[in-house]
Protein chains: 2
Amino acid sequence: MTNQHAKVTILDIAQRANVSPSTVSRALRGSAAVSDDKQKAILDAVDELNYRPNIFAQGLASGQSMTIGVLTQNFGSPFYDGILQGILDGLDQTNYWPLFVDGRWQSALEERALNMLLDRQVDGLIVVGGQTSGETVQAFAQKTPLIVAARKLDNLPGRCIYVNNFEAAYKATKHLIDRGHRDIAHITAPMDYATAVNDIQERKRGYKQALTDVGIEPDPRLIVDGNLRQQSGVLAVEMLLGRGRPFSAIFAANDQMAFGARLALYRRGIRVPDDVSLVGFDDESSAAYTIPPLTTVKQPALELGLAAAKAILALINNHTPTIPVFDAELTIRESVARHR
Amino acid sequence: MTNQHAKVTILDIAQRANVSPSTVSRALRGSAAVSDDKQKAILDAVDELNYRPNIFAQGLASGQSMTIGVLTQNFGSPFYDGILQGILDGLDQTNYWPLFVDGRWQSALEERALNMLLDRQVDGLIVVGGQTSGETVQAFAQKTPLIVAARKLDNLPGRCIYVNNFEAAYKATKHLIDRGHRDIAHITAPMDYATAVNDIQERKRGYKQALTDVGIEPDPRLIVDGNLRQQSGVLAVEMLLGRGRPFSAIFAANDQMAFGARLALYRRGIRVPDDVSLVGFDDESSAAYTIPPLTTVKQPALELGLAAAKAILALINNHTPTIPVFDAELTIRESVARHR
DNA sequence: CTGTTAGCGCATTCAG
DNA sequence: CTGAATGCGCTAACAG
């Protein structure tokens, strides 16, 4: 091909620098000391000839690929994208490169992707979210260093980096309670729904606990299932309204559904926050620009990704990874009013 | 089972199937006919031993990596993510895998990323957006098959797949005109702003042309610069209002700024669409759930990505790629009212 | 149709 | 500190 690029080999620069190929290899990767003059000659030759090592050959010979496989879900989700950015940042000053694949929240695809990553000889794996079973993930963890981000897997202790969703939801609900609300509805997603199930269940648990702790019995009529998408927020509110059980606030398990809920309320002529207060979860970028701006929970996505990157690097170097505990912050905006 | 994975080689399965390694290779990659019985024996051995080829070895020996490098910008932008999905889809049934890297809209990073992709022996390159100079991109195009998506580069004719932003903006503006508006403001971004410059300028051109075509002279007082982010939409409206030039509609060059504009109007007590109609660009998912739902331009991101994938595959196989022309559609929602 | 023979480009022993 | 030799796992001519 026209790949002049790939044509310069370690042999070419060995000749040019009057040394053996092995010395070039040593000089370039610093695997052993090389005399200063040869070192210089080699480096000169390298950029005169514009040499770039062939990663495949390196990988084949060394058994390392210097790449970290990252299984993610749905490019485009703000939370997951934040994590990707964090991983990017965490790997930035290292020699490792991330290889991203999208599992699309389908366990079959996820497994295929994971295998493909292994085929590509990745040195480590970061699994971001997803719904592959814990057992499957564990099986992969046995084959290669693996860190799970944004998800808690009980069978992989010390390998999962996640946000305390329970605490976060507790805080959000508590905020509503503190503002005088007692009839607080919750839009969640069913246990068997194929997405981020644990997180969502944790949020529901936090919601209930916050109520219980102030002596309010959670009312099943105030809890309604959605599917995490905007449209389901619309339906959830319709359903809630249909049940006839009055409420003065809604806590939605994610912003998407909160947006949908907001629209449904608007269409019914119910004012936010005058008639009903609204709280979301995720702090999507548009949350600050809805009308009124949405009170929501901000997860430290970037930090989470960063920590995942650090952890996988540690694992690769046979250190014990540090698994920080992350708490989410409530971002208070105008969608919540004091209950009168 | 630990790392047994990487240990099974083509030789193992050759022995197990009583054939030579080359026959195994041929059978597996279909590079030549193999008798049915051997074929079967090989396939059996493959999954009995759970064999998976070593991609590095394949790449080294064949000179092909079966990966397509994709340089993208900002994971998280809905438009760009749509393109990534399209590329994913386009590559789905092939043996190629995309390798994504994020240029973050910084030409230095973009170039580094492009080189890294070349180092990884990618068989082709898809450059999505970005602000690397046309010359630089052309230089890479000389080294490897390359397709540009979501951007028009004059020095790479027949290699760029993009949406006709001029037409789209024209349509959007025309819609407002047809609804009786004559004083239409436009929120854009300055020429030198480091992002998607051409697209935004094309949108401004479409806006002006639509006005001119019905005999309205574009008024510079109605055109204001933002930076494509939500916050700048807020500021843009403040500025517009400060200028004292009345207007009954706003066309924002992207949804983000439209969201900001909507919020600023709301805070001033200006109703949408009763007092001012609003149109955005991009059809971000939340556009349908703002209050009121936003009329906006939907770019065929998925189709664009798909076309890019097809085109790069064609290029790799030495065919002339088909470069379709894409038009964006106006999605009409309640944020536009007839002017009274 | 199939086995044999050479490398692909590099890292890594092993001797000096 | 350095060169020569060997092999990573696979594909691609080359002969049958």
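Just so it is clear: chains get the letters A, B, ... in the order the sequence lines come, proteins before strands, and each one is counted from 1.
- In this structure, CG of A/Asp119 is placed 14 Å from C1' of D/dC10, rounded to the nearest angstrom.
- Ion pairing between a basic and an acidic side chain is recognised when a charged N comes within 4.0 Å of a carboxylate O; A/Asp92 and B/Arg112 show such pairing.
- Checking D/dC1, C/dT2, D/dC10 against every side-chain atom of A/Ala33, the shortest atom distance belongs to D/dC1.
- Between C/dT2 and B/Lys38, a contact under 4.0 Å exists linking OP1 or OP2 to a side-chain N or O.
- In this structure, the CG atom of A/Asn54 is 17 Å from the P atom of D/dG9, given to the nearest Å.
- Of the N and O atoms on the side chains of A/Ser25 and A/Ser22, not one donor lies less than 3.5 Å from an acceptor on the other residue.
- When atom types are taken as modelled, the side chain of A/Glu110 and the backbone of A/Thr132 share a donor-acceptor pair closer than 3.5 angstrom.
- The CD atom of A/Gln39 sits 11 Å away from the P atom of D/dC1 (whole-angstrom rounding).
- For the pair A/Ile55 CD1 and C/dA11 C1', the interatomic distance rounds to 14 Å; values are reported in whole Å.
- Between B/Ala314 and B/Pro321, the shortest heavy-atom contact is CB-CA, 3.9 Å.
- In this structure, a donor-acceptor pair under 3.5 Å is absent between the side chains of A/Gln64 and A/Asp123.
- Here CG of B/Leu43 is found 7.0 Å from CG of B/Leu28. Values are rounded to the nearest 0.5 Å.
- Checking side-chain atoms of A/Thr67 against main-chain N and O of A/Pro98 turns up no donor-acceptor pair under 3.5 Å.
- A straight line from CZ of B/Phe56 to P of D/dG7 spans 22 Å, rounded to a whole angstrom.
- Here B/Ser35 reaches the OP1 or OP2 of C/dT2: one of its side-chain N or O atoms lies under 4.0 Å away.
- The distance between atom CE of A/Met66 and atom P of C/dC10, rounded to the nearest whole Å, is 16 Å.
- Protein atom CG of A/Leu60 is 12 Å distant from nucleotide atom P of C/dC10, rounded to whole Å.
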Nucleotide by nucleotide, 5' to 3', does protein get under 4.0 Å of the base (B), only the sugar-phosphate (S), or neither (-) in nucleotides 11-16 of chain D, counting heavy atoms? SBB---
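- For the pair B/Gln64 CD and D/dC10 P, the computed distance is 17 Å after rounding to whole Å.
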